[in-house]
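Order of appearance sets the numbers: ligands from 1, and atoms from 1 within every ligand. Heavy atoms only: backbone and side chains are in, while hydrogens, waters and symmetry mates are out.
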Amino acid sequence: MTAHAVRERGYGDLFDAALAAHANAHCPYSRYPVGAAVRTSSGKVFAGCNVENAAYPNGTCAEAGAIAAMVAAGERSIVEILTVTGGATPGTPCGGCRQRLREFAGPDVVVHATTVDGAVTTSSMRELLPDSFGPEQLPDG
Ligand code: THU
């Protein structure tokens, strides 16, 4: 699929938001820019990019940036997720980010992992993080 075809699919707004964030990624160490965008139940889109640090463990993932923007805006409910990476194969969210997303996204929420050139792998949160732990497991969740 081409980038143009991704835009025809109904999540073009997520793709464009994630692509714009991807272009601003701060990744001088990995040279692996990532963009992420989430759509909330109110219909708004929030994006983020990876932000690396000279003290390597302090770097943050694109998904964490998108979630932070969403929460700062007062939103809590994710209904659709998209990531953008370079290369031929989409980079799906890392394990830590699957858990971060799970806090705000139910098992049926769809995750589109895409590339700049328009390759797409679509899966659900249930597939990416089966038998997951979430707020409901906690006594007051
Ligand atoms: N990265 C993300 O932004 N999201 C992921 O889900 C996987 C990895 C970033 C972290 C680091 O800046 C770079 O990609 C290489 O691991």
Side-chain angles (χ1 to χ4, degrees), residues 1-138 140-141:
M1 206 177 345
T2 63
H4 176 71
V6 171
R7 292 195 179 92
E8 303 272 288
R9 282 214 161 185
Y11 44 85
D13 57 344
L14 283 179
F15 183 71
D16 285 338
L19 196 60
H22 171 276
N24 288 331
H26 177 69
C27 53
Y29 310 109
S30 72
R31 299 185 196 283
Y32 186 75
V34 183
V38 299
R39 190 191 314 284
T40 62
S41 50
S42 75
K44 290 193 184 140
V45 169
F46 299 93
C49 60
N50 51 335
V51 182
E52 298 182 351
N53 192 281
Y56 295 172
N58 291 303
T60 51
C61 285
E63 295 89 332
I67 289 169
M70 174 191 78
V71 172
E75 304 242 8
R76 292 280 189 280
S77 172
I78 295 176
V79 298
E80 194 171 13
I81 299 162
L82 185 143
T83 60
V84 181
T85 62
T89 308
T92 55
C94 73
C97 284
R98 293 177 193 205
Q99 183 66 36
R100 288 188 182 95
L101 291 164
R102 193 262 181 255
E103 181 77 9
F104 304 103
D108 295 321
V109 168
V110 163
V111 182
H112 310 286
T114 76
T115 69
V116 171
D117 295 331
V120 181
T121 301
T122 295
S123 39
S124 65
M125 283 299 297
R126 180 184 288 103
E127 290 168 320
L128 291 180
L129 197 64
D131 301 321
S132 66
F133 181 86
E136 316 79 54
Q137 266 80 42
L138 294 173
D140 299 324

J.: Could you tell me whether the side chain of Glu80 and the main chain of Val110 form a donor-acceptor pair under 3.5 Å?
T.: no
J.: For Ala3 and Val116, work out which heavy atoms get closest and say how close.
T.: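 Looking at all heavy atoms of both residues, the shortest contact is CB-O, 3.7 Å.
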J.: Heavy-atom cut-off of under 4.0 Å around ligand 1: list whichever protein residues fall inside it, by chain and number.
T.: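 Around ligand 1, where the cutoff is 4.0 Å for heavy atoms, the contacting residues are Ser30, Tyr32, Val34, Asn50, Glu52, Cys61, Ala62, Glu63, Pro93, Cys94.
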J.: Are any side-chain N or O atoms of Glu63 and backbone N or O atoms of Arg98, one a donor and one an acceptor, separated by less than 3.5 Å?
T.: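 Such a contact is absent between Glu63 side chain and Arg98 backbone.
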J.: Could you tell me whether a side-chain N or O of Arg39 sits under 3.5 Å from a main-chain N or O of Lys44, the two making a donor and an acceptor?
T.: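 Side chain of Arg39 to backbone of Lys44: no pair is present.
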J.: Using a 3.5 Å distance criterion without hydrogens, assess whether the side chain of Glu103 forms a donor-acceptor pair with backbone atoms of Arg100.
T.: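 No; judged by distance alone, with no hydrogens or angles, the pair does not exist.
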J.: Parallel, tilted or perpendicular: which describes the rings of Tyr11 and His112, with under 30° parallel and over 60° perpendicular?
T.: parallel
